[in-house]
Amino acid sequence: MGSVQIVTTILAAGITAVAVWLAVRAVMKMTAVIRLGQPAPERFADKGARTRKMLVETAGHTRMLKWGVVGAAHWFVMVGFIVLSLLVLEAYFEVVTPTGGLPIIGHWTVFGLATEIITVLGLVGILVLMAIRLQNRPNRPGGRSRFTGSTMWQGYFVEWIVLLVLIFGLVIRGFKVATDHFEYPVWATPVSHAVGAILPDWSDGASVAALIKIVISMTWLIVISLNVTMGVAWHRFLAFPNIFFKRDPEKPAGSGLGPLRPMTSEGKPLDFEEADPEKDQFGVAQVEQFTWKGLLDFSTCTECGRCQSQCPAWNTGKPLSPKLLVLSLRDHAYAKAPYLLAGGGKDLTGEEKATQAQLAHLDVLSLAEGDKPLIGTAEEGGVIDPDVLWSCTTCGACVEQCPVDIEHVDHIVDMRRYQVLIESSFPSEAGVMLRNLENKGNPWGAPQNTREDWTKGLDFEVPRVGEVDDFEYLFWVGCAGAFEDRAKKTTRAVATLLNEAGVSFAILGEGETCSGDPARRIGNEFVFQMLAQQNVETLNEAFEGREKAKRKIVATCPHCFNTLGNEYGQLGGEFEVVHHTQLLAHLVSTGKLTPVQPVDGGVTYHDPCYLGRHNRVFAAPREVLGDAIQGEITEMPRNSERSFCCGAGGARMWMEEKIGKRINVDRVEEAMATGAKTVAVGCPFCSTMLNDGVNGKGAGEQVEVVDVASVLLRSVKPEQPRGDKESTPVAG
Ligand code: SF4
Ligand code: SF4
């Protein structure tokens, strides 16, 4: 070993020892913080499915590739990081001897070829990612950036490290070529040979370049170890467990979408018959009351801003960005952790758990962080502003886009649950809706005995459950479908089409009550449980003696469709629920309904969030519309998985929209820009929001917002009187 190699070896060993020690400390710290969360035993079920999903999502980059160029570039960088770690390992042999290499595989031509290819593709990938980050930098002139609020220096730092590590890998090889100690042929390693052609014949060159490569790599490890909230770097390790422990590994996409998680305390679902707010956790009031998976979610965020770029609240000037919400919770959790790990924290009655002695050695910043309210205004020192919390429509665009499967909607609703159930703190205008749900069983407060009014004037009888011996489908009308004038037209259209197709169906009539969706999404789990239990009992009675496959329900409201199909199972109600567009598509495809007259003027379709993203029903409404117009619909730029919310979900329908641009107006502008005369919807709330938007623009005469069922009815029965347009919602 020459004197140069003695120095390079000592320096490499020194910096590696420091970096590894800091990294072990950092991992222990992160583990301790994540373990502060509440239990989530269900995350350990289905280990086989979880493993499969994790491998598919990481190796196949299935979520990342939804954004083609970024996804492909990131895949090369990820593969480069994993495979080229071997070349970092090889550098430790090269600091000792400039001709050194990995034992066994280091002599294989195939290893030389594979690492050469991955190095070149990794270089291309990282340059693309750097260009994209620069192009989208928040301070560029004009436009909002998905990186607004991201810690930009961390992104640049990580990208430069990757770039330099790849370059120095080639430099090491180049010196070996220049000194004639490179054993791979030119055909397998042409770039290394090209680099070697311009480097001097310096015998120690490979050792010095290897040292530089090790110093760069270890500098990265030291920096990220000193910054445990540096998600842009840590996600390389944390993405694997975060995807493994996602809510539902069997779901093809949107694991955190569809049903909400039940309220839990100590990892067990809360039973409201026995629950006691002084002994049981009601939602989330402190960051440590999230489950450990929640804290892992916050730690894993890469700050990529994909969620932010799709969020309807953020895009219309509200203070909510799902990314910034996650980052605030992450930073708060890590800043509060020393206080919590010292035994601090508030018990469920709000009393401090730690003794004075336990907290005596803590720094003031950590103590101050422990005192911050989780939800509070800037003046109150809150972590999350109430305007942020209540701006969410639970549309799920963030969950859909997140490449590391963070479950934003669950976290937002958990925080709402505490605010509503314990603090009674929520936008006051929503109080009327909650009172109506409790007292009248519907959000509008309409009398229950008017639930069947929509059937008046139909030229056929709509049977009630109990009046007919047998029925194939129970038609779940929903509160909007029963009480809201515009939605009643959809209900009538669906009933007419089912009757026309000879489908045997029955309604519950006055036996139906609100599905509970608005109560659950606003955070009032108590009212949800009350309504849901009542409905489950009624439905179980209606379907008594039938197996699940024959307990069929058709619903026109995607919120009811989601709640009945995905959430009533949590309360013992197992049903086969379809949306009316799915049933209508089936009836047309099987020839039971025949569109005869094409609907003209051009049609565009707005995907309701709870039908599309939350339940993956994208094709059926499009098929129905295609049949009705006998042609192609005109898509809006934001459609299907990337559809833009109407602004009504998450109980926002019953809250005033005081900040920024109205979400429905933004969506209506997009719909009108297609030039279509008909904007088809599949949800009564979307219908109300988009109609309001169109009317607000004074375009009610040019553009019509109407349900898919009404469009089909016009084609199937063109003689049917129209009049699906104007209406005034029933007053509360
Ligand atoms: S659910 Fe929708 S509104 Fe809520 S944070 Fe996510 S993207 Fe924004
Ligand atoms: S999409 Fe996911 S990883 Fe990216 S910023 Fe949003 S929460 Fe973080």
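In what follows, residues are counted from 1 in the order of the sequence shown. These numbers come from the heavy atoms of this one structure, side chains and all, not from hydrogens, waters or symmetry mates. We count ligands from 1, going down the list as the structure has it; atoms in each ligand are counted the same way.
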Student: Check each heavy atom of L325 against ligand 1 and say whether those closer than 4.0 Å belong to the side chain, the backbone, both or neither.
Tutor: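 Neither; no heavy atom under 4.0 Å.
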Student: At less than 2.8 Å, would any N/O/S atom of C395, backbone or side chain, sit next to atom 2 (Fe) of ligand 1?
Tutor: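 Here the distance criterion (N, O or S atom, under 2.8 Å) is met by C395, so yes.
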Student: Do any of the N, O or S atoms of C311 sit under 2.8 Å from atom 6 (Fe) of ligand 1?
Tutor: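 Coordinating: no.
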Student: Please determine whether a side-chain nitrogen of the Lys or Arg among E407 and K246 lies less than 4.0 Å from a carboxylate oxygen of the Asp or Glu.
Tutor: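 Not counted as a salt bridge, because no side-chain N and carboxylate O are separated by less than 4.0 Å.
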Student: Pairing donors with acceptors under 3.5 angstrom, does anything connect the side chains of E423 and Y418?
Tutor: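 A donor-acceptor contact under 3.5 Å links the two side chains.
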Student: May I ask whether G305 places a heavy atom under 4.0 Å from ligand 2?
Tutor: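 Checking ligand 2 against G305, which is what was asked, there is a heavy-atom contact under 4.0 Å.
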Student: What atoms of ligand 1 come closer than 4.0 angstrom to any heavy atom of T393?
Tutor: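 Those qualifying, in numeric order: 3 (S), 4 (Fe).
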Student: Using a 4.0 Å heavy-atom cut-off, say whether V399 meets ligand 1 through its side chain, its backbone, both or neither.
Tutor: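 V399 to ligand 1: no contact under 4.0 Å from either part.
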Student: Do D666 and R662 meet the salt-bridge criterion of a basic N to acidic O distance under 4.0 Å?
Tutor: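 Salt bridge: no.
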Student: Just to be sure I'm reading this right: ignoring hydrogens, which of N242, T302, V326, V232 gets closest to atom 3 (S) of ligand 2? Compare them by their nearest heavy atoms.
Tutor: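 Checking each option, the heavy atom nearest atom 3 (S) of ligand 2 is found in T302.
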Student: Is R667 close enough and on-axis enough to F644, meaning under 6.0 Å and within 45°, for cation-pi?
Tutor: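 No, R667 does not sit over the ring of F644.
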Student: Are R622 and Y605 in a cation-pi contact, defined as NZ or CZ under 6.0 Å from the six-membered ring centre and within 45° of the axis?
Tutor: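 R622 over Y605 ring: no.
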